[in-house]
There are 2 protein chains.
Amino acid sequence: MPTLADVGKAAGVSRGTVSNVFNRPELVRPELRQRVEAAARALGFGGPDPKGRLLRHGKFNSIGFMPPGAYAIADVMRSPYGRELVLGVSLACDEAGVTLSLVNGTDNTRIASIREALVDGFILGHSADIGLITSAQRRRLPFVILESDAGPDINSIKIDGRSGAVAAVRHLTGLGHRHFAILSVRRTSGPPIVHMPGQAKRPLLAGFSLDDERLDGFRQGLTEANLSIDDVPIIETTPGDPSAGAMVFDCVPEATAILTMSDWQAITILDEAVRRGIDVPGHVSVIGFDGTAESARTTPPMTTVAQDVIGKGRLAARMILDNAAPRQIVLPVELVVRASTAAPRAKIR
Amino acid sequence: MPTLADVGKAAGVSRGTVSNVFNRPELVRPELRQRVEAAARALGFGGPDPKGRLLRHGKFNSIGFMPPGAYAIADVMRSPYGRELVLGVSLACDEAGVTLSLVNGTDNTRIASIREALVDGFILGHSADIGLITSAQRRRLPFVILESDAGPDINSIKIDGRSGAVAAVRHLTGLGHRHFAILSVRRTSGPPIVHMPGQAKRPLLAGFSLDDERLDGFRQGLTEANLSIDDVPIIETTPGDPSAGAMVFDCVPEATAILTMSDWQAITILDEAVRRGIDVPGHVSVIGFDGTAESARTTPPMTTVAQDVIGKGRLAARMILDNAAPRQIVLPVELVVRASTAAPRAKIR
DNA sequence: ACAAATTCTTGGAGCGCTCCAAAAAATGGG
DNA sequence: CCCATTTTTTGGAGCGCTCCAAGAATTTGT
């Protein structure tokens, strides 16, 4: 690979002049410029190597997006939520002329990935893995953490998940529902976990306050209607688990309303309902979370706790690009009522 | 920002030793290592700066994905096809432990983006913009171009779009359809363009052989049924144009079958049909292209010319990662018949 | 206790570039 | 034609790191 110096030698000029030909051509006499360009062409030199420039300037012009917890970038792309989030981030990146790096990393390589990533800042998916945070802090790069409880000196953005969860339950109890099932998220890999009433519940998972907060919202909503979350079966599946729907219908046939943690999960349930010929919302109501575009196009269109996912991604990118003082932002949610929820079926089934 | 040398000075050792502490700790005496680590901590040194390593090694450990033509990364994320493509690419990247950079660029900055991108190779979306190709070649980095006719010394992957288009038409003519509309893609920004029979057709667009090839497949399929593509209205909309459905129904009400260039477009039509209370496939048949996951979940589930988009993305990434001799790959397509196509409505409407 | 073998540590070289102050060349005015 | 200006060109410095050959320190064997 020829370098600036090689081209300079070939054209009988200095390194600096060749650099000027490529970066500030107006500074160099036309005749000389052409000679240099000819030499460059002859050597197959395709312009200054970005590596050098990078080292000089110290800017990558890139922000990194790191998926949460145990997920790979591929999982992010599979999830409606993840896609909209990346879309939002990419929107801000497009505007700023900055590259978006999807930084992957398995549990054990993730910290190294943060240490090595060629980016000027990070967006960390929803897991306040303390290791990740300290790793990001060490790099002294701006970063934002999503959907996690982070300290006051850390950029963070989250939605008001608790209120959303409360609103979801209120909507359903308002319709008359008394028999619920909750489809929650398993944050480690493995098969679904079923918590039936009476059994001990999953301990709070450090770092995934997101789930705990929503669960707590469900609890509160149920309490308001004189119901107890302890009587509600909770099923945990990994986010993309296609068997989630089957698990719910098999384990909690008596439920007339199913609360979920994401549109993705709710879609799984809707798909399974179609497969089994179960009528939604006639036989069972289903409520999603996130309000992604997909939720509007399911059959039937889904009732969901909507947030502005794209806006969130965009905001996260902007926070990094602006690199201002750390802020903790809580975004509102809104219950969007569509056709996947209705009054419960008559008791006689 | 402290450097290796700073830490070295603080700990009373050389630059090289500090580097060893971080990269090959087993080489340095435990006692000394601890002293260095303490000094690093005291200085707030978070490990060797990746910039330096990069310069030394010359590898970015990243491959770049550049969207085609006039599209930004955000557009890619919006399109079902684009998402699956990126998903496929990210799958291969995840496996290889490589970062995926979504390189954006408007028409005029795109060439510069290629020149500057901090990547070891490129995947270029479906537009054989000659400038892009030469720009990529100049960098002497491996690259793959998608869905374009490229020379034999260039990596390329495309599907057999012509066969797919022929199969789509055969399916519909086999059902008895004689009145078609084609929803094609406008590759420049702007409002839809309507080509009614008798008018001059759009000239072939250099670089978007993808469209031309499919159009030619439609032509061939129609010819086989003694129909002429010249009698078929062709509407061109930008890929994400939500008005596409309305345009088709408004401009070609007599059509009993609508051929499209993508699932995304077909979804637009299906959405508009719902809005207008038009029965699909009772009143009109709609056929998509790409066979994305979304196509299976529309109402009704969509008949579409399916390709393995994820596999294609994965393959593209692998070609770059492997950096073998250039290959031109043509992937098969398969008509997936679902419920959006049926025999045409009776003449009397 | 001494030479030989082994383990650690060092600092120069070099990755490719851009910046910049200074030198060189060209231009202009009288 | 000479000197003051202006325009071009130059090459050293430095970005932060890793590699590596060579030197220093330590351990081992007899």
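For the numbers below, each heavy atom of this structure counts, side chains included, while hydrogens, waters and symmetry mates do not. First the proteins, then the strands, lettered A, B, ... as listed; each starts at 1. Predicted model only: the values in this text are computed from it and were never measured.
Proximity of B:T3 to the phosphate of D:dG16: no side-chain N or O atom is located under 4.0 Å from OP1 or OP2. Phosphate contact (OP1/OP2 of C:dT10, side-chain N/O of B:T17, threshold under 4.0 Å): present. Look at A:N20 and you won't find any side-chain N or O under 4.0 angstrom from OP1 or OP2 of D:dT9. Remark: A:S19 is in phosphate contact with C:dT18, judged by side-chain N or O atoms under 4.0 Å from OP1 or OP2. Between A:R29 and D:dT9 there is a side-chain N or O to OP1 or OP2 distance below 4.0 Å.
For A:L4, counting side-chain heavy atoms from C-beta on, the closest listed nucleotide (D:dC17, C:dT10, C:dT18) is C:dT18. Across C:dT9, D:dC17, C:dT18, the shortest atom-to-atom separation from the side chain of B:L32 is found for C:dT9. In the set C:dT10, D:dC17, D:dC19, the nucleotide with an atom closest to the side chain of B:H57 is D:dC19. Distance from the side chain of A:L55 is smallest for D:dC15 among the nucleotides D:dG11, C:dT18, D:dC15. Taking every side-chain heavy atom of A:R24 into account, C:dC19 is the closest of D:dC19, D:dT9, C:dC19.
For D:dG12, its base sits under 3.5 Å from the side chain of A:R15 at one donor and acceptor pair at least.
Note: CG (B:D6) to C1' (D:dG16) measures 10 Å, nearest angstrom. Remark: P of C:dT9 and NZ of B:K9 are 20 Å apart, rounded to the nearest angstrom. In this entry the distance linking CD of A:E31 with C1' of D:dT7 reads 14 Å, nearest Å. Atom CG of A:N61 and atom C1' of C:dC17 are 16 Å apart (whole Å). Taking atom CG of B:L27 as the reference point, atom P of C:dC8 lies 8 Å away to the nearest angstrom. Between A:E116 atom CD and D:dG16 atom P the separation is 17 Å, expressed in whole Å. Taking atom NZ on B:K59 and atom P on C:dG16, their separation rounds to 14 Å, with Å as the unit. For the pair B:R115 CZ and C:dC17 C1', the computed distance is 14 Å after rounding to whole Å.
Contacts of B:F22 with the nucleic acid, taken as non-hydrogen atoms under 4.0 Å apart, are absent. Here B:L54 lies out of heavy-atom contact (under 4.0 Å) with every strand.
In this structure, CG on A:D120 lies 6.5 Å from CG on A:N61, to the nearest 0.5 angstrom.
With A:I114 as the fixed residue, the side-chain contact (heavy atoms from CB on, under 4.5 Å) test singles out one of A:L141, A:V119, A:L124, A:T134: A:L124. Screening B:I133, B:N155, B:I123 for a side-chain contact (heavy atoms from CB on, under 4.5 Å) with B:F143, the sole residue that qualifies is B:I133.
Note: A:F45 and A:F22 have perpendicular aromatic rings, judged against thresholds of 30 and 60 degrees for the angle between ring planes.
Checking B:S101 against A:T99 by side-chain atom types alone, no donor-acceptor pair falls below 3.5 Å.
Taking for each of B:P30 and B:R56 the nucleotide of DNA chain C with the nearest heavy atom, the 5'-most of the two is the partner of B:P30.
Residues B:R138 and B:R115 form no side-chain contact, since every pair of their non-hydrogen atoms from C-beta on lies 4.5 Å or further apart.
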